[in-house]
Amino acid sequence: MPQQLTDRRDQEFVIWEQMNCAELLQYEKYQEFNQKTCNMVITEARALAIKELLPILAESDTQGVRYENGEVKVPQSFHRVFELILEGEWNNLGVSVEQGGQGAPPFLAAATAEYFLPANWPLFCYATMGNGTANLIHLYGTEEQKKMYVEKLTSARWGGTMLLTESEAGSDVGALTTTAVKNSDGSYSLSGNKIFITNGEYDLAENIIHPVLARIEGDPLGTKGISIFIVPKYHVNTDGSLGERNDIVCSGVEEKHGIHASATCSMTLGSKGNCIGYLLGKPCEGMKIMFNMINGARMSVGLQALTYASAAYLLSANYARERIQGRDLENFADHSAPSVPIIKHPDVRRNLLWMKSYVDAMRSFFYFLTVCRTQSLEANSEEEREAKGDMFSMLTPIVKDYLAVKGHEICVQAIQVFGGAGYTKDYLVEQYARDCKITSIYEGTSGIQAMDLLARKIGMKKGAVFMNLLAEMQKTVARAKETDGLGDIAVQMETAVNRLGEIALHIGQKAMSPEFKVAFAHALPFLYAMGDTIMAWMLLWRAVVATQKLDGAKKKDAAYYEGQRKTAEFFIKTELPLTMGKMDAIEFSCAAALEIPDDGFGGL
Ligand SMILES: Cc1cc2nc3c(=O)[nH]c(=O)nc-3n(C[C@H](O)[C@H](O)[C@H](O)COP(=O)(O)OP(=O)(O)OC[C@H]3O[C@@H](n4cnc5c(N)ncnc54)[C@H](O)[C@@H]3O)c2cc1C
């Protein structure tokens, strides 16, 4: 039976064999979970995703959302399955018990999301987005605010959003013009217009709680003058019941390239002069508070892209096994020879292995960061918590953007494997490619992630965090050198790691020199070169673990483990040399992109 959505064997390998997540279950907080219960939870999630969410994916993409007089209707089929998600409490599996969730370890929540997201991301997002809002209120709200909102948001009976973007304030959030004026009762009156707001309005929740970024009248320009407000769609009475409608309305929804069933709303605040919001935290702390949500959201976006890529890869690998077309190359001249499944053709095999190598490596990388994050909160020593937190923070822009961009490329290559059929709506690969594109745009575009990496992350703690990363990679190289059959790729990897260190120093120094703009013109290529090297590391690590398990493995496992060794060999011998070229280009520091006159771009 072909795997759907996510390769369960690979997921188990990463979680239990490579990342050794069983160790995390030793933490006090996760005592109720063991390997068996975790596997059972994943099995149930998979069943629900395949049986209920996936069958309505294509249909909901065709229907999209409907805007009518300030209201947004989701596809009708969503209502029943939304209830199933809530009944099973899948919407808050990884949310802490203190916040009203199930308290599962983050790797387990991610493992279940690996099924739910590609099965129907818009639907799952309606059920889970309130967790982020709840978390902000849980961390920064008054006792009264916590009591009023957190439980309802975590249960998904009320929805949550994030209102940052305005037409003139996209990447530059600090340019926002939504204003807040203090009222005599301590509340604020807000006025402004927000755009592109996910789940700003929809008909699955009784109430929607909007965290809104706005500037209190008179506060400084830029990000340092931004505050954050809780703006409920319906006011909430002291007994928890719903009160009057607040003056925040959806004025339209976007027609989009993908994620059609997700409502992307324009929101008008205070058109009747009566949009009431409540300050969360202190004035001017808005960005600091919102960043709690943004970092988690960036991980989620990376995961979203990975899961589309994984599902698209599985569909194309299965199609390649079944689609009969063309003779085997060795019988090319023999017209009487039988046609073969396209998986027999060298170019199709190359493409599949290219896709597999990235999907596998991205999955490992995602769980690596999930483990770092858990350890940053739960590890026994302060030193370890700090080290893991730093690693997580440094690599967040890469998990966000590298997975987004590579995930999209994989979906596009999946279309290629299907040939003409891939370009039709007969198979989901076409939808996955469209849906995946958003991941390199929202939660900070590629360019913004690259600037974050170069300007803030590489130099963290005077470069010590980056050096720790290289040291971790070299540990894997050392193990690979001692592993049968991996010696030559270990040496290639070692060269790449050393080169990455040189290039980071080069671009980091340039970024602090008068030629800093040249450095920033190479920031995104640097992010990709670093991402590639991380991919190679993850695959080499996999190959080391797989080799240890090969001896005496059952037939099916042996094929899986041998597949891991070949995947690492493929990536390190065919993709990593391209990365070495990318690193040369970064060192060369060509300034043409800056020197070309604006009119020289042509088209005038
Ligand atoms: C489907 C969808 C859902 C969304 N959901 C939400 C949501 O729930 N809440 C919310 O607040 N927002 C949301 N957004 C908005 C999203 O976060 C922004 O679109 C995104 O941050 C980019 O802003 P922008 O569209 O204004 O592009 P711009 O900021 O105009 O950027 C255009 C291009 O210029 C580049 N660029 C801009 N500034 C710089 C710079 N300083 N240096 C280098 N390059 C730069 C960008 O990388 C990009 O390629 C959503 C958007 C979409 C499409």
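Atoms within a ligand are numbered from 1 in the order they appear, just like the ligands themselves. The structure presented is a predicted model; accordingly, all values stated were derived computationally and were not measured.
For atom 9 (N) of ligand 1, a protein heavy-atom neighbour is present inside the 4.0 Å cut-off. Distances from atom 20 (C) of ligand 1 to the protein include at least one heavy-atom value under 4.0 Å. For atom 32 (C) of ligand 1, no protein non-hydrogen atom is found at a distance below 4.0 Å. Taking a distance limit of 4.0 Å, we find that atom 44 (N) of ligand 1 is approached by no protein heavy atom.
Within a 6.0 Å radius of CZ in Arg245, other residues, nucleotides and ligands contribute more than 12 heavy atoms.
Distance from atom 37 (C) of ligand 1 to its nearest protein heavy atom, with residue and atom name: Ser171 OG, 3.6 Å. With respect to atom 39 (C) of ligand 1, the closest heavy atom belonging to the protein is Ile448 CD1, 3.9 Å. Nearest protein heavy-atom contact of atom 7 (C) of ligand 1 is Phe196 O, 3.2 Å. The nearest protein atom to atom 47 (O) of ligand 1, hydrogens excluded, is given as Thr445 OG1, 2.6 Å; this is a heavy-atom distance. The closest protein non-hydrogen atom to atom 24 (P) of ligand 1 is Gly170 CA, 4.0 Å.
If you number the atoms of ligand 1 from 1 as listed, the ones under 4.0 Å from a heavy atom of Ile441 come out as 20 (C).
When all heavy atoms of Gly273 and Asp247 are compared, the pair lying nearest together is N-OD2, 3.2 Å. Residues Lys510 and Ser589 share a closest heavy-atom pair of CE-OG, 3.4 Å.
Within the 4.0 Å heavy-atom criterion, the part of Lys256 lying near ligand 1 is the side chain and not the backbone. Under 4.0 Å from ligand 1, the heavy atoms of Met451 that appear belong solely to its side chain. Contacts of Ile438 with ligand 1, taken as heavy-atom pairs under 4.0 Å, involve the side chain alone. Contacts with ligand 1 closer than 4.0 Å are made by heavy atoms of both the backbone and the side chain of Thr165.
For atom 3 (C) of ligand 1, the nearest non-hydrogen atom from the set Thr198, Leu176, Ile197, Asp172 belongs to Thr198.
Between Ser440 and Thr445 the shortest side-chain heavy-atom distance does not fall below 4.5 Å. Counting only heavy atoms from C-beta outward, the side chains of Leu153 and Asn131 never approach each other to under 4.5 Å. Tyr313 places none of its side-chain heavy atoms less than 4.5 Å from the side chain of Ser310. Counting heavy atoms from C-beta on, the side chains of Met460 and Asp390 come closer than 4.5 Å.
Glu575 and Tyr358 are linked by a side-chain donor-acceptor pair at a separation below 3.5 angstrom, with hydrogens and angles left out of the test. At a cut-off of 3.5 Å, with distance as the only test, no side-chain donor of Lys152 or Ser155 sits close to an acceptor on the other residue.
Classification of the Phe124-Phe116 ring pair by plane angle, with boundaries at 30° and 60°, yields parallel.
Considering backbone and side-chain N/O atoms, Leu164 comes within less than 3.5 Å of an N/O atom of ligand 1.
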